[in-house]
Number of protein chains: 4
Amino acid sequence: MGEDGRHRRAREMREERTKQILAAGLQIFAEQGYHRASVADICGRAEVARGTFYLYYPSKRDLFDAVMDALIRDLERGIRRVDVSPGAAPPLEQLKQNMLWLLSLPRARPEMLQVLLWEAVGVDDVSDRKLASLHHRMFELTRRSLETGQALGLVRPSDTDVTARAVVGAVKELLLSLRVRGDLPQEDLAHLADELLAFATRGLLSV
Amino acid sequence: MGEDGRHRRAREMREERTKQILAAGLQIFAEQGYHRASVADICGRAEVARGTFYLYYPSKRDLFDAVMDALIRDLERGIRRVDVSPGAAPPLEQLKQNMLWLLSLPRARPEMLQVLLWEAVGVDDVSDRKLASLHHRMFELTRRSLETGQALGLVRPSDTDVTARAVVGAVKELLLSLRVRGDLPQEDLAHLADELLAFATRGLLSV
Amino acid sequence: MGEDGRHRRAREMREERTKQILAAGLQIFAEQGYHRASVADICGRAEVARGTFYLYYPSKRDLFDAVMDALIRDLERGIRRVDVSPGAAPPLEQLKQNMLWLLSLPRARPEMLQVLLWEAVGVDDVSDRKLASLHHRMFELTRRSLETGQALGLVRPSDTDVTARAVVGAVKELLLSLRVRGDLPQEDLAHLADELLAFATRGLLSV
Amino acid sequence: MGEDGRHRRAREMREERTKQILAAGLQIFAEQGYHRASVADICGRAEVARGTFYLYYPSKRDLFDAVMDALIRDLERGIRRVDVSPGAAPPLEQLKQNMLWLLSLPRARPEMLQVLLWEAVGVDDVSDRKLASLHHRMFELTRRSLETGQALGLVRPSDTDVTARAVVGAVKELLLSLRVRGDLPQEDLAHLADELLAFATRGLLSV
DNA sequence: GATGAATGAGACTTCATTCAT
DNA sequence: AATGAATGAAGTCTCATTCAT
């Protein structure tokens, strides 16, 4: 139908614009943080007028929510739950894959980490809850993995509530420290992952 | 003599007020973060007029700096460098003492952690630099301890650049997660410290 | 074409608003002086919101500069340098024309004189420099005219540094005194000009 | 009486302090103008506490009034009315004396001129009225002198309303221009006075 | 009387959001 | 749908004046 085609076209353009503003928001929020970023900045980057902005997002706050939601979705999409079914790759190998993917983020998606690990922190209650919730899922994923490992006899008995947090914290910290050093060669990522896994699996003590 | 006394009195009162406003700022910043906290809020908490505020701090920004400086000073004061001279307590014991002290902070100084680990993040370049600097010192402290441990044969060979970050991250994460649960019994702290140390020293794998 | 028209229209409206606020500023500054005039007053007179003001002028100070610049431009535009080329009107006649134009200002542009001769005095260093500069140009114009007159043998020898100032001062004073009497008939202006010129040319003494 | 002595002493000290603050006010107002001068500045110069200020003057505004009043009194005290009684010095000589005294002011009392000719201009309605009133007395003095001169046949017929203003303006202008050049030798004053009187008596034209 | 810390009204300015075109 | 000029609430900071000591 002509009607349908026109409608579809309109919808597609609308989605296009929505994404365009979202992308601009991501960039600006990553560069300046929520408070220093002005709606004018974002419109400038998105190359739309200030009024247009409000046709697509009800407020600066809502755009920030959308940016966070998109980042969180992308982040969680990349993480593979460890598969312990018979025939799957060894759990440690799977872990390392996850680790490598995470460690690739500072290079591949620097603004993602800049926003999720830094600029979104303490913005307001809503964003804090979003972060807490993301964090909680990462933590639970880790904790359940550890418990599975314990059930399989791979992981020594421990308070997974504590150790899962320690693991999550170690990873976050490494990502945070990579966030600043702009460029690091791919080979190093493997080294980092190895070191991190060695630390997590065998600890620091010799023998 | 009388002159001296009057001067001393005046100075003391000035210091008192300075601290009073600092304390109010700490509370308000911890509760609301830098951006949502208004000078009026802080004055309300400190029970002084708005003009009074500016007799003691040149601006809201400067008060925030002072708050951060005080917190960082308190934090670093509490951390004891591990003493490896003969006759000192065993290094792990010393580490555990540090850990226990840190883990007591969510209870003893909840606003300290709220500000240093959360609200000060991403406020502006100055506060970010302060945090980065604090963080760097913590990291270096840890890294040097690990290197000392390696030299003594206690710590297995590893890239201390990575492992030190992992350790710092694990501790930060635990503090961050304790920050929200207001009340936790003293005995648990020892358990947490033990678990954390066990994780860091022996890793996760069984055997 | 349509693009051009829209742009031109927008530019015109912008210039209109700029002038509208400039005019309001002139009125308010003339009525109240720089310090008692608030941005709110000016916006009230211009019938725009406070925020609108800052779309057109970066600050109250800048508006005052713009007001002064416009007044100074208008003032200097009205003054004709005396033409001594052969065939030109007699110098005294030309002087009288200038004088008449100046003397018309209290009626035609009362706020101009109110601001330039009164309210801008002592506002701050920038405005003082602007006034000094205007004043200097008036003085030099007068001094050079006197020197030309001396070269032509029309003006008696004298220290033109002194006499030029005296002339400028006499004119300023007359303008200042006319500033308050709102209404005076046009014919009087000719009388004033005649008296002033008679004073300046022949002095006070009889014979 | 002891009582009397104590009271007198107290009164004298009060007057002393009053003058001390007045002097500080004069200096600060001359340096910075009314609006930029803060009560704190004045107290600093007077070496009294801020509270003390208000024991002697009800407000900054009132101090400014007092400063102006003192300056105006000093100024008018120095001006001698031309004495036309038989046996008195020739009127022009008396005029020159007045002129010389006025021209000595930029050196002798620079702050007086700075305040009366510049900083007090446009401060507010009260100070404007004071200036207008001073000005009016100077004008009337001049006008009556001219009329006396006309009655004696010394001064040519003219609209004294205009010429008196011209004379006052010329003098003011010269004072204003001297205000800035800090140092000029005493002999020059005579020259200036001569030039000014020559201008006023004989005008500019040759023959 | 002297002090100076405290007060709070008031000014300027920013910027998220609205609205007429 | 798109524009961008206009809006005005809200926030920071200054400084003349008051008041407890």
Side-chain angles (χ1 to χ4, degrees), chain A residues 10 13-14 17 34-44 46-64, chain B residues 6-7 9-10 13-14 16-18 21 35-43 46-63, chain C residues 6-7 9-10 13-14 16-18 21 35-43 46-63, chain D residues 10 13-14 17 34-44 47-63:
Chain A
M13 282 190 62
R14 180 166 181 83
R17 266 278 208 265
Y34 178 78
H35 289 287
R36 267 173 307 176
S38 71
V39 173
D41 291 335
I42 295 163
C43 292
E47 296 183 327
V48 299
R50 288 254 273 298
T52 308
F53 176 93
Y54 289 90
L55 295 176
Y56 294 89
Y57 292 93
S59 73
K60 175 183 166 185
R61 200 62 243 319
D62 285 85
L63 172 63
F64 192 64
Chain B
R6 215 189 303 159
H7 276 168
R9 186 72 201 285
M13 285 191 63
R14 178 163 184 84
E16 192 127 349
R17 266 280 203 264
T18 307
I21 294 174
H35 289 288
R36 267 173 309 171
S38 75
V39 173
D41 291 335
I42 296 163
C43 291
E47 296 184 323
V48 298
R50 287 240 277 298
T52 307
F53 177 92
Y54 291 92
L55 293 178
Y56 293 89
Y57 294 93
S59 72
K60 174 181 160 185
R61 195 63 204 48
D62 285 83
L63 173 62
Chain C
R6 213 188 304 157
H7 276 169
R9 184 72 201 284
M13 285 191 62
R14 181 167 180 81
E16 193 128 348
R17 264 278 203 267
T18 308
I21 294 174
H35 289 288
R36 266 172 309 171
S38 76
V39 173
D41 292 334
I42 295 164
C43 292
E47 295 186 324
V48 297
R50 286 241 277 298
T52 306
F53 177 92
Y54 290 93
L55 293 178
Y56 293 89
Y57 293 93
S59 72
K60 174 182 161 186
R61 196 64 203 46
D62 284 83
L63 173 62
Chain D
M13 283 189 63
R14 181 165 179 84
R17 267 276 208 267
Y34 179 77
H35 290 287
R36 270 173 306 176
S38 74
V39 173
D41 291 334
I42 295 164
C43 292
E47 297 183 324
V48 299
R50 288 254 273 297
T52 308
F53 177 93
Y54 288 89
L55 296 175
Y56 293 88
Y57 293 94
S59 75
K60 177 183 165 185
R61 199 61 242 320
D62 285 86
L63 172 63

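Reminder, nothing fancy here: chain letters follow the sequence lines and each chain counts from 1.
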Nucleotide [N], atom [atom2] - distance to [atom1] of [X] in whole Å:
| X | N | atom1 | atom2 | answer |
| --- | --- | --- | --- | --- |
| Glu16(C) | dA5(F) | CD | P | 14 Å |
| Arg61(D) | dC15(F) | CZ | C1' | 17 Å |
| Leu63(B) | dT12(F) | CG | P | 11 Å |
| Phe53(D) | dC19(F) | CZ | C1' | 17 Å |
| Arg9(C) | dT3(F) | CZ | C1' | 15 Å |
| Ile21(C) | dT13(E) | CD1 | P | 14 Å |
| Glu47(D) | dT3(E) | CD | C1' | 15 Å |
| Asp62(C) | dT13(E) | CG | C1' | 13 Å |

Can you identify which nucleotide, out of [options], has its nearest atom closest to the [X] side chain?
| X | options | value |
| --- | --- | --- |
| Val39(C) | dC12(E), dA16(E), dA6(E) | dC12(E) |
| Leu55(D) | dC13(F), dC12(E), dT3(E) | dT3(E) |
| Val48(C) | dT7(F), dG4(E), dT7(E) | dT7(F) |
| Lys60(C) | dT17(E), dA6(F), dT13(E) | dT13(E) |
| Arg17(C) | dA6(E), dA6(F), dT17(E) | dA6(F) |

Applying side-chain contact (heavy atoms from CB on, under 4.5 Å) between Tyr56(C) and each of Ile21(C), Asp62(C), Leu63(C), report the one that passes.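 Filter result, single survivor: Ile21(C).
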
Using the closest heavy atom to pick a nucleotide of DNA chain E for each, name whichever of Met13(B) or His35(C) lands nearer the 5' end.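 Its nearest nucleotide lies further toward 5', so the answer is Met13(B).
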
Identify, between Ala37(C) and Thr52(B), the residue whose nearest nucleotide on DNA chain E lies closer to the 5' end.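 Mapping each residue to its closest nucleotide by heavy atoms, the 5'-most match is Thr52(B).
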
Side chains of Phe53(B) and Arg50(B), heavy atoms from C-beta outward: is any pair under 4.5 Å?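 Side-chain contact under 4.5 Å: no.
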
Given that both distances must come in under 3.5 Å, which nucleotide forms a Watson-Crick or G-U wobble pair with dA20(F)?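 dA20(F) is paired with dT3(E).
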
Pairing check on dC13(F): which nucleotide meets the Watson-Crick or G-U wobble criteria with it, both distances under 3.5 Å?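 Here dC13(F) is engaged in a pair, and the nucleotide opposite it is dG10(E).
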
Distance from Arg36(B) atom CZ to Asp41(B) atom CG, nearest 0.5 Å?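 Atom-to-atom, Arg36(B):CZ and Asp41(B):CG are 10.5 Å apart.
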
5' priority, DNA chain F, between Arg36(D) and Ala40(B) [closest heavy atom]: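 Looking at the nearest nucleotide for each, Ala40(B) comes out on the 5' side.
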
dA6(E) OP1/OP2 closer than 4.0 Å to side-chain N/O of Tyr54(B):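 Answer no for this pair, as no side-chain N or O of Tyr54(B) is under 4.0 Å from OP1 or OP2.
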
Under-4.0 Å side-chain N/O to phosphate OP1/OP2 contact, Arg50(D) with dC15(F):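 No.
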
Return the minimal non-hydrogen interatomic distance between [X] and [Y], and the atom names on each side.
| X | Y | value |
| --- | --- | --- |
| Ala49(B) | Cys43(B) | O-SG, 3.7 Å |
| Leu55(D) | Arg14(D) | O-NH2, 2.9 Å |
| Lys60(A) | His35(A) | NZ-O, 3.9 Å |

Just to be sure I understand the rule, does Tyr57(D) reach a base, reach only the sugar-phosphate, or reach nothing, if contact means heavy atoms closer than 4.0 Å?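 Here Tyr57(D) touches no strand at all.
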
